[in-house]
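Here the structure comes first, spelled out in structure tokens, and everything after it is commentary.
Everything numeric in this text was worked out from a predicted model, so none of it was measured. Both ligands and their constituent atoms are indexed starting at 1 by order of listing. Only this structure's heavy atoms are used, side chains among them; waters, hydrogens and symmetry mates stay out.
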Amino acid sequence: MSFVAGLRCKECGSHYRAGKQFVCTDCFGPLEVSYDYGGIAQATSRDAVAQRPHNIWRYRELLPIEGEPATGFQSGFTPLVRATRLAKAIGLDELYLKDDSVNHPTLSYKDRVVSVGITRALELGYQTIACASTGNLANSVAAHSARLGLRCFVFIPDSVEPAKIIGSGVYRPQIVRIRGNYDDVNRLCSEIGSQYPWGFVNVNLRPYYTEGAKTLGFEVAEQLGWRLPQHTILPTAGGTLLPKVFKAYQELKTLGWATGDSRIYAAQAAGCAPVIQALHDGTKEIRPVKPNTIAHSIAIGNPADGPYVLECVRASGGWGEAATDEEILQAIHLLAETEGIFAEPAAGTTLAVCRKLVEQGRIPGHESVVVGITGNGYKATDSIVQRLNGAVVLSSSLKDFQAWHATLRDSGLEPLSIHQGASR
Ligand SMILES: *Cc1c(COP(=O)(O)O)cnc(C)c1O
Ligand SMILES: [Zn+2]
């Protein structure tokens with residue numbers, strides 16, 4: 001049973017039935033799914049939801065599909081990690097990491113939106129699935145299409161990290177590398193989408209696809225016992241995730257399932273920060289930029305939903321900051337060294353911004369904070385590799401090892417005796 005009431009233009013409010021249309025015919029604004037919340041409140045409850053399998057579809061009444069899910073049966077319900085060592089390092093008491101770096105099956109938050117987008121694509125009769133991507137989306141679209149046996153085209157900028165190209169290629173989609181940046185790829189895909197009967201998950205399926213991002217917000221609330229965190233910090237690229245987490249929190253409050261208020265903060269890389277620039281300038285206008293940052297997965301210079309990020313950040317009483325590439329790398333190491341989590345630069349950006357907001361006093365140290373860790377470091381090793389402490393290379397003789405270890409102890413880097421070390 002579906003509780004979708006229809007599509008509503010985000011600009012002029014015109015209503016449409018939920019079909020293939022994705023922009024408003026009156027004003028060209030984007031369309032968004034609306035729901036019959038009264039019906040949902042009668043049909044189910046948060047306690048019923050809590051009994052269901054641990055994947056995104058446990059919130060299916062709040063997702064825009066008519067029939068049964070087609071994919072994503074292991075996607076979502078990622079860990080919400082209480083990060084005590086990291087919290088201490090940056091001056092917080094209660095810090096949680098929403099860890100989508102281990103989302104199934106392609107290790108980023110994109111498995112949420114793709115599971116919903118492809119399920120809806122099949123309902124609408126699309127047989128070929130496509131996307132415009134900075135890398136992670138292509139990985140997810142390729143994987144989910146493969147397991148459904150669907151034809152798949154992924155369009156990416158030529159500069160995408162090698163691991164992200166391999167992470168698509170292994171599923172054997174048709175990869176199309178475009179000489180240009182993400183914004184060029186996206187424009188091309190809009191043109192292709194208007195001429196070919198293909199379901200571009202983030203272009204012509206965008207109203208449905210983006211709804212999948214709400215599940216990150218639903219999960220955070222549920223994992224905190226249905227109390228919203230006082231602060232939520234999220235990365236911003238095209239502007240899908242942040243407004244949808246805001247919508248998720250509002251929906252839970254509308255249904256009476258969650259309590260509390262969360263200020264929402266946007267994080268961008270300084271080398272691509274058009275939304276943060278507009279936020280700091282106090283305008284609604286977002287001026288496109290040419291990206292130049294190691295945070296490739298969030299390097300979108302002309303964000304489609306940037307204005308809605310601004311709206312949600314302002315409406316929630318939040319804020320936003322940008323982090324330099326150096327700050328991003330430091331944050332990646334800090335996260336790894338304190339919590340044992342290896343995240344990609346998008347997540348480094350978000351953590352670096354969290355740190356800044358605490359330093360600025362915008363986030364008080366004793367309040368609860370959730371930071372979105374949206375992607376996995378193993379897919380973006382290029383930027384990290386130059387900064388690692390060299391590993392020592394030794395022969396396989398114990399004598400050599402002991403000689404080297406003695407130099408470590410002499411330099412004060414090895415405080416434990418050999419026997420203490422061995423018995424731990
Ligand atoms: C896509 C992506 C984001 C956020 O992008 P939005 O377009 O703003 O939703 C953040 N982090 C990672 C790792 C991503 O792949
Ligand atoms: Zn309109």
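Residue contact check: E344 has heavy atoms under 4.0 Å from atoms 13 (C) of ligand 1. Interface of T236 with ligand 1, defined as ligand atoms under 4.0 Å from a residue heavy atom, comprises 8 (O). The ligand atoms of ligand 1 that sit less than 4.0 angstrom from a heavy atom of A346 are 11 (N), 12 (C), 13 (C). Under a 4.0 Å criterion applied to the non-hydrogen atoms of G239, ligand 1 contributes the atoms 6 (P), 7 (O), 8 (O). Annotation for ligand 1: atoms under 4.0 Å from non-hydrogen atoms of N136 are 13 (C), 14 (C), 15 (O).
Remark: aromatic rings of W198 and Y126 are distant, center separation not under 6.0 Å. The six-membered or imidazole ring of F155 lies near that of F200, with a centre-to-centre distance under 6.0 Å.
Checking only distances, S297 never comes within under 3.5 Å of ligand 1, N or O to N or O.
Of the protein's non-hydrogen atoms, K110 NZ, 2.7 Å is the one closest to atom 15 (O) of ligand 1. Residue, atom and distance of the protein heavy atom nearest to atom 12 (C) of ligand 1 are T374 OG1, 3.4 Å. Counting protein heavy atoms only, atom 4 (C) of ligand 1 is closest to Y109 CE2, 3.6 Å. Nearest to atom 7 (O) of ligand 1 among the protein's heavy atoms is G238 N, 2.8 Å.
At a 4.0 Å heavy-atom cut-off, ligand 1 touches A237 through backbone and side chain alike. Only the side chain of I298 comes within 4.0 Å of ligand 1, judged by heavy-atom distances.
Around the Zn ion (ligand 2), the protein N, O or S atoms found under 2.8 Å comprise C9 SG, C12 SG, C24 SG, C27 SG.
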